[in-house]
Every structure is written in C-alpha cells, then in structure tokens.
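First the structure, in the form of structure tokens, and then the observations on it.
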Amino acid sequence: MKVLLATSKPFAKVAVDGIRQIMEEAGFELALLEKYTEKSALLEAVRDADAIIIRSDVIDNEVFDAAGKLKIVVRAGAGYDNVDLVSATAHGVCVMNTPGQNANAVAELVFGLLVYAVRNLYNGTSGTELMGKKIGIHAFGNVGRNVARIAKGFGMDVYAYDAYCPKDVIEAAGVHAVDNVEDMYRTCNVISLHLPATDETKGSIGRRLVSLMPKNAVLVNSARKEIINEDELISLMQERDDLKFVTDIMPAASTKFEELFAGRYFSTPKKMGAQTSEANVNAGLAAARQIVGFIKEGCTRFMVNK
Ligand code: 3PG
C-alpha cells in the first residue's frame, strides 16, 4: 500500500516523521513529494499511489485520471475546496478532511494580524487596543470558536453569526449570537471571517456588509480569498480611509490593495495560519490515522463526498 504525502507547502519535519511512523507501523510505504512547483510532478507521483495526503494542493479531474490505484485523499486541514469532489466520487475515491486539527494555529494568527493592524503595522505611531472592542466572528466553526476563546482573553466583547449553527450553541460558548449578519457588521469594530468557499459564500463579503461597519473598523480574513468581492472592497476602502483589511490569504488584486491602501492593508506572502509544528503534527497525524483506518477497517468518518 503506497501513501503519497504531496505538499507544495511542506509540513514541519516532526510531522513528516510522525506520518512515516504511522505508515510503517501499518505496513504501508510512504512517498514524499514536497515543495513541488509543477503539476506534472504531482501527476507523475500519484500514478502508483493508493492514498494521498495533501494540504492546499489542488486535486482535480486530471489528477484523479492519472491516479489509477487511488482509493482515498485526505486533506490535512479543514477546507477541501481544492479537491474536485464530483470527480473523486466518479473515480470511486473517498475524500476526507481533518476538521479542527489546525484551528488553534489559524485563530492565533488572526490575533497576530489584528494586533499588527490596530498598532498601525508597527510604524511607530499611536494605535488602538483590542480590549473593550467588539469582535464579530462570521461562521462559528472550529476556527471561529478558537477566535472567540482568545478574544475573551484580550477582553473583547464577542459576537458571532453562523447561518448553520443554532443560536443556543453560540450562546453556550459565552458568545453573543446575533439575529442577522447585518446586525453583526453594524455592531462590531472587528470582523473575522471563517466561512468556507462555497457557491453560496463566494464573493459574499463586499460592500453590502463591510460598509455597515463602524468607523475605524478592521476586517480580517483567515478563510479563503474567494469569499471576498475584491472590487467592491477596493472601492469601499477608497471611499472610507478609516477601514483596515488584513489577510492571511493574498487577494488576487494584492498589488492594487498595496498601492492604494499603504498602512491599512497587509497580506501574508503565503497562507500561514496552519503553518505551525503543532498544527502540522495534529493535522498530518490525523490524516495518516484516517488513511490507516479507512484502508484497514473501512472507517469513513470525516468523509466529505458521501
Ligand atoms: C485549512 O483549510 O485547513 C487551512 O486553510 C490551512 O491550509 P494549508 O494546509 O494550506 O496551510
């Protein structure tokens, strides 16, 4: 049984070592394809793979066509918008994610970005504090819950909206649940985005919502760039020089954001929310165990193309 770890953005060594150990104990062989830049390298590597562990690596129909022995793909992380689920199902391949395993890492980075934003990108001028400010968490999944926990430590007033999470669940976490998303944007000084990229959410964060935010508001994105309507956000930020936007996912129009909004826009050069040894170990080892469980016992927990 051959398991391919295909990560264009590699895991920390400690995670790779842990994955290898799990595979060896199961009697499986581990192949590594790290830091690859060409799709052809992935197409070649998947040829004899029975299972693949990936991160944001794109697994499309061409990859499924090339991977004749493939049985399972595990996205070591939360978002699986990089995998063509329709093609996976058509090829009889099980796709899983490892929900929650890197959530704390992403949530901690949200606060790294927020402190950087409210301290004026550390330019030496007087900034503001997070304590006493209202933060709105848009989508209350694993990352959103961790953001809420950390926000309380900062002394923030925490709000959340999630179209699919009942209000009582949000309130049980000690967070104000709002009736509608507009109210949250109207109320909160900071909005932190945690929506998956789906047909429903793509382009949904734009003028309609962000324009409701109070003066000196900060928008922070650690989800997916596709959820933001970049043209609308650019035109709104041109009209409102009080708005700040910080992101762990470089927008398509990043150069334009940089040119127009120096001092109130920042993007990490490469998505690094989940880029900690702890998150790599959590997500990588979970992925490895899920593959062993699937191959040896037929366990389909966390399968996303059921
Ligand atoms: C996720 O969906 O789990 C995060 O966006 C992390 O993605 P990454 O594995 O590419 O860092």
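Just so it is clear, the structure is predicted and the values come from calculations on it, not from any experiment. Whatever order the structure lists ligands and atoms in, that order sets their numbers, starting from 1.
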Point to revise | Within 6.0 Å of CD in Glu38, more than 12 heavy atoms from elsewhere | key: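 Incorrect, the count does not exceed 12.
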Point to revise | Per atom 5 (O) of ligand 1, closest listed option by heavy atom (Arg55, Arg75, Lys271) | key: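 Ranked by closest heavy atom to atom 5 (O) of ligand 1, first place is Lys271.
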Show the atoms of ligand 1 that are less than 4.0 angstrom away from any heavy atom in [X].
| X | result |
| --- | --- |
| Ala78 | 1 (C), 2 (O), 3 (O) |
| Asn102 | 1 (C), 3 (O), 6 (C) |
| Gly79 | 1 (C), 2 (O), 3 (O) |
| Ala274 | 6 (C), 11 (O) |

**Study point:** Protein residue, atom and distance nearest to atom 10 (O) of ligand 1, heavy-atom basis
**Key:**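 Looking at atom 10 (O) of ligand 1, the protein heavy atom closest to it is Ser56 OG, 2.5 Å.
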Exercise for review: Considering heavy atoms of the protein only, find what lies nearest to atom 11 (O) of ligand 1 and give residue, atom and distance to 0.1 Å.
Suggested key: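 Answer for atom 11 (O) of ligand 1: Lys9 NZ, 2.7 Å.
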Practice item. Looking only at distances, please establish whether an N/O atom of ligand 1 is found under 3.5 Å from an N/O atom of Gly77. Key: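 No, no N or O pair falls under 3.5 Å.
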Exercise for review: Consider every N or O of Ala223 and every N or O of ligand 1, then say whether any pair is closer than 3.5 Å.
Suggested key: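 No - when backbone and side-chain N and O of Ala223 are compared with those of ligand 1, no distance drops under 3.5 Å.
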Review point. Any luck finding a side-chain donor-acceptor pair between Thr201 and Ser204 under 3.5 Å?
Key: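 There is no such pair between these side chains.
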**Study point:** Structural part of Arg224 in contact with ligand 1, heavy atom criterion under 4.0 angstrom
**Key:**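 It is the side chain that gets close, since no backbone atom is under 4.0 Å.
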Review point. Does Asn97 approach ligand 1 within less than 4.0 angstrom via side chain, backbone, both or neither, non-hydrogen atoms only?
Key: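 Looking at Asn97 and ligand 1, no heavy atom falls under 4.0 Å.
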Exercise for review: Verify whether the ring centers belonging to Phe261 and Phe245 lie closer than 6.0 Å.
Suggested key: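 No; Phe245 has its ring centre 6.0 Å or more from that of Phe261.
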Between [Y] and [X], is the closest basic N to carboxylate O distance under 4.0 Å?
| X | Y | result |
| --- | --- | --- |
| Arg208 | Glu182 | yes |
| Asp242 | Arg240 | yes |
| Asp60 | Lys39 | yes |

**Study point:** Val210 and its side chain to side chain contact (heavy atoms under 4.5 Å, CB included) partner, picked from Ile228, Asn229, Leu219
**Key:**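 With Val210 as partner, side chain to side chain contact (heavy atoms under 4.5 Å, CB included) holds for just one option, Leu219.
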Review point. Does ligand 1 have any atom sitting under 4.0 Å from a heavy atom of Gln275?
Key: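 Distance cut 4.0 Å: Gln275 fails for ligand 1.
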Point to revise | Same apolar cluster (I L V M F W Y, side chains within < 4.5 Å links), Met1/Val93 | key: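 Different hydrophobic clusters.
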